[in-house]
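Order of the sequence lines sets the chain letters (A, B, ...), proteins ahead of strands, with each chain counted from 1.
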Amino acid sequence: MHQTNNFLFKSLNNAQLNAVKHINGPLLVVAGAGSGKTKALTHRIANLIENNSVDPHNILAVTFTNKAAKEMKARLQVLLAQEIALNQFGQPWSTLKEFDQNQLRTNIDQERLRDLWIGTFHALFSRLLRYDIEKYQDPEGLTWTRQFSIYDETDSQTLVKEIVGQDMSLDPKRFDPKKIKRAISNAKNQCFTANDLEEKADNHFDKVIADAYRRYRISLSKNNALDFDDLLLLPVFLLRQNDLVRDYWHKRFQHVLVDEYQDTNRTQYELIKLITAGNTEPNKFCEWNDRSIFVVGDADQSIYSFRAADFRILIGFQEDFKNSSNNNQKASLVKLEENYRSSSNILTAANSLIENNTERIDKVLRSTREEGELLKLLSCDDEISEAEAITTKLRSLNNYNNQPIWKNFAILYRTRAQSRVLEESLVRWRIPYTIFGGLRFYDRREVKDAVAYLKVLVNSSDNISLLRIINVPRRGIGKTTIQKLNELSNKLNIPLWEVINDKQSLDETIGRSSKGINKFTELMNDLLCYIENSGPAQILQLILEKSGYLSDLLTSGSEESEDRRNNLQELINAATQFEEETENPDVEGFLSTAALTTDNDTKKNHPNSVTLMTLHNSKGLEFQNVFITGLEQGLFPSHRSIDTPSLLEEERRLCYVGITRAKERVFLSHARERRLWGGMREATIPSIFLSEIPEELIDGELPQSGGASIRRDRHLDRLTRVDRKDLNESINRPINAVRKLYSGPSKGKSWLIGDKVIHSKFGKGEIIHIFGSGEKISLAVKFGDKGSKILDPRLAPIRAIN
DNA sequence: CGTCAAATAATTTTT
DNA sequence: TTATTTGACG
């Protein structure tokens with residue numbers, strides 16, 4: 001063995017080594033938060049390439065976010081560069097000049113890793129479709145070409161709305177287009193066709209959805225467009241039906257790696273199976289020589305089930321990929337349980353919390369670090385005091401530095417609406433902050449307009465984009481004109497573009513309204529002359545100039561239009577960058593990138609500011625100090641999840657994700673009263689999650705401002721306490737193992753954990769948890785087959801039984 | 001055809 | 001409260 005082995009392996013712990021050294025066959029890596037899973041992934045790829053002569057051309061590495069893909073690629077480059085530096089130049093990478101480092105990395109990227117497919121599910125499989133979509137034979141006879149448009153959420157929503165409202169003439173009050181879109185999306189993510197839905201439908205509503213699904217698909221095809229879900233679903237059908245195509249991709253991708261496997265949905269799972277095992281069921285597949293499937297994930301961090309992600313796919317991996325030729329031996333498993341991020345108090349808290357979930361893979365995060373500080377509880381009067389308490393903490397923790405380090409702090413919340421109050425407080429104290437998420441760069445109006453021009457130039461069937469720009473900038477084309485043209489297009493069954501591009505018949509049908517239309521078609525035909533020989537950046541420039549879009553913005557001269565102009569310049573920069581980075585930078589490719597890029601990944605490393613984001617957005621990140629806000633029943637956990645155990649467990653995982661983001665300190669805050677939307681105040685009950693963290697790990701503190709003056713001892717009365725002894729006993733037991741005596745409310749009936757009750761709807765049950773205090777308590781009651789419910793004893797139709 | 005004001009709805013959102 | 005969408009009017 002050469003010394004490269006040493007180098008690749010030396011910084012890994014035993015579990016990581018086992019993962020990295022696994023070569024052929026299936027492997028599941030259960031990777032807890034902060035356990036170095038990206039390290040395992042990148043080192044494994046490097047090991048395949050460098051020590052096992054695997055051609056990068058034969059590797060497929062799939063992630064869920066562009067950011068993760070980018071990071072993986074960058075780390076892989078460095079790994080390979082380090083090796084080359086050592087072997088070829090005889091000096092460690094770190095001693096090379098920065099210029100030489102970059103040179104080497106670029107070299108590696110362009111030569112060694114050129115054919116390595118690493119990216120998001122959507123990016124990679126849309127790429128596959130750009131090659132092979134024309135080989136797809138749809139059972140309903142629908143077709144697409146390789147110039148297909150990708151519709152984002154808004155575009156496809158518009159289309160569904162059109163179909164439901166006009167095509168099917170349904171009352172949008174009874175059949176909410178948003179709900180229908182969601183239902184269709186859900187079906188697509190579970191690999192169901194419209195026919196499948198039709199067969200399953202046992203009520204009117206489901207039949208309507210199946211019908212809408214079928215029409216929506218036809219409509220997409222007429223527009224030569226695909227939505228996000230299709231980028232995964234269509235490849236599944238294509239690979240299933242076309243042996244040649246399937247064989248090609250199956251043979252090509254001998255080593256498949258999937259990151260965040262707990263977030264895969266059924267359709268993605270089908271894709272992975274088709275690529276890995278071809279037409280064979282994976283547990284019947286035996287040709288594992290020179291072939292592997294390597295999935296990494298953490299069921300405890302599955303927080304996207306509302307987008308049809310299903311972590312049971314991860315839990316089932318060992319069974320799915322078991323070896324039928326060897327005693328039905330289960331697929332191998334490696335657990336990464338050593339956490340390098342958080343202090344041990346934080347980890348113990350997170351572990352105790354997640355123990356309350358029932359659907360898990362047994363796993364405990366082990367700390368590699370010192371005990372650290374206790375988690376701090378901030379009990380506040382209302383959401384304003386909460387914000388004030390947080391900013392006060394922020395300032396006091398930074399007082400000891402003459403240079404405040406704001407970037408060490410993150411404030412996490414369950415819903416976007418919570419950010420406003422926090423912002424106000426931060427502004428008041430002049431604390432710099434950055435809000436994550438929100439409007440995508442490519443979702444800005446002017447950017448979407450410009451991109452829509454490109455889309456129509458490439459794909460003239462794309463009516464959504466055509467209608468978006470036909471009167472932008474103003475050409476005096478109104479609603480009635482457009483409606484007439486649409487009707488004509490439908491009647492003659494000719495694409496809208498061809499209808500408006502036929503000057504003569506246009507004059508006949510709409511007379512003088514055709515003036516604006518002609519202006520538009522002349523512009524587009526002019527632009528079409530350039531499409532063959534110019535890159536996306538130049539065409540964008542031409543679009544903005546020739547359409548008058550830019551000059552319109554210039555004449556208005558407002559601050560807003562200046563912003564717009566900057567954004568458009570930014571778009572051209574993005575196109576230029578795309579041309580520089582891409583081997584064959586055609587407009588179609590740029591459009592795919594534009595559709596599949598969020599600016600979370602392009603956003604430059606934020607300056608020294610506090611980060612504000614939703615708990616969902618925080619997954620995969622880490623911060624020195626983390627605030628988790630709004631820990632109240634109905635907010636976190638959200639009211640939609642509170643009486644459905646599986647949803648409640650997902651909220652708990654979300655809380656687990658939040659806590660495990662922190663390296664040094666965790667602050668948990670809740671407000672006793674919160675203005676919801678509108679003026680009304682609502683008294684709150686502290687979150688059940690607070691009661692699931694061992695009391696001795698939490699330090700209740702007196703908030704320094706905002707008049708939130710409740711003391712620790714008074715506060716803790718409000719929570720159900722969990723004794724250490726009971727907690728230890730509860731480990732490895734289901735949720736109802738945590739039991740304690742609770743002194744009930746002063747008035748009315750007092751309740752005890754363990755009491756049996758009878759509910760008029762759910763039948764007999766047992767109280768497994770009590771939280772809140774005084775008049776405001778809630779009971780968690782477990783009803784045999786009906787699962788657990790959270791009930792208010794003052795309202796719920798229950799009575800005690802023996 | 002375009003603008004303004006009333007009406008309406010409100011978890012989370014890797015692509 | 002706010003963001004977005006609808007529809008009446010000039």
Side-chain angles (χ1 to χ4, degrees), chain A residues 62-70 119-126 150-158 161 165 172-173 176-179 182 185 188-189 226-233 259-260 262-265 267-268 301-309 383 412-421 424 436-440 442-443 471 474-483 513 516 592-601 613-621 630 634-642 647 650-651 653-655 657-658 674-681:
Chain A
V62 201
T63 65
F64 277 84
T65 65
N66 294 304
K67 198 175 162 192
K70 212 168 151 185
T120 64
F121 268 104
H122 292 84
L124 296 178
F125 285 97
S126 71
I150 298 174
Y151 279 178
D152 64 22
E153 232 38 76
T154 335
D155 299 331
S156 37
Q157 186 64 65
T158 313
K161 206 166 144 192
K173 292 235 163 53
D176 178 5
K178 282 217 174 76
K179 286 216 177 89
R182 277 215 57 77
S185 180
K188 286 184 170 182
N189 285 323
L226 298 176
D227 66 15
F228 286 148
D229 305 323
D230 290 327
L231 297 179
L232 309 175
L233 187 60
D259 191 16
E260 305 279 19
Q262 79 281 356
D263 287 335
T264 47
N265 60 41
T267 303
Q268 289 160 335
Q301 293 187 70
S302 160
I303 54 175
Y304 284 105
S305 73
F306 66 94
R307 292 183 46 144
E383 74 279 6
L412 309 181
Y413 35 79
R414 179 64 242 268
T415 68
R416 286 235 124 83
Q418 289 168 258
S419 71
R420 220 194 78 239
V421 187
E424 280 166 0
F436 247 71
L439 199 60
R440 258 176 17 127
Y442 288 101
D443 280 342
N471 197 31
R474 300 262 133 82
R475 298 182 182 95
I477 302 166
K479 242 188 228 151
T480 35
T481 313
I482 286 170
Q483 207 187 338
S513 331
S592 291
T593 315
L596 302 176
T597 307
T598 52
D599 38 345
N600 283 349
D601 22 88
M613 61 169 94
T614 61
L615 283 136
H616 281 92
N617 272 327
S618 76
K619 198 174 82 169
L621 304 175
L635 183 60
F636 190 23
S638 90
H639 65 103
R640 315 278 276 254
S641 64
I642 220 154
L647 295 183
E650 176 142 324
E651 297 281 306
R653 291 193 289 271
L654 190 55
C655 189
V657 166
R674 188 175 291 272
R675 264 183 290 271
L676 276 181
W677 66 112
M680 72 172 165
R681 285 166 166 274

Mind checking whether A/Phe228 and A/His122 have parallel, tilted or perpendicular rings, split at 30° and 60°?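 Ring orientation, 0 to 90° scale: perpendicular.
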Which whole-number value in Å describes the distance from [X] [atom1] to [N] [atom2]?
{"X": "A/Ile482", "N": "B/dG2", "atom1": "CD1", "atom2": "P", "result": "9 Å"}
{"X": "A/Lys619", "N": "B/dT11", "atom1": "NZ", "atom2": "P", "result": "22 Å"}
{"X": "A/Leu654", "N": "B/dT12", "atom1": "CG", "atom2": "P", "result": "11 Å"}
{"X": "A/Asp443", "N": "C/dA3", "atom1": "CG", "atom2": "P", "result": "16 Å"}
{"X": "A/Arg307", "N": "B/dT12", "atom1": "CZ", "atom2": "P", "result": "13 Å"}

Test log, rule side chain to side chain contact (heavy atoms under 4.5 Å, CB included), inputs A/Lys188 and A/Asp227: CA-CA 10 Å; A/Lys188 286 184 170 182; A/Asp227 66 15; 2.9 Å; yes
Which is it for B/dT8, anti or syn, if anything within 90° of zero counts as syn?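 B/dT8: anti glycosidic orientation.
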Using a heavy-atom cut-off of under 4.0 Å over every strand shown, decide if A/Ile150 touches base, sugar-phosphate, or nothing.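 Nothing, no heavy atom under 4.0 Å.
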Using atom C1' in both nucleotides, what's the gap between C/dA3 and B/dT14 to the nearest angstrom?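 Going atom to atom, C1' in each nucleotide, I get 24 Å.
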Can you tell me, in whole Å, how much space there is between the C1' of C/dT5 and that of B/dT12?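 C/dT5 and B/dT12 have their C1' atoms separated by 23 Å.
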Could you check which nucleotide pairs with B/dT11 in any of the strands shown, counting Watson-Crick or G-U wobble with both distances under 3.5 Å?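 Per the H-bond distance test, none.
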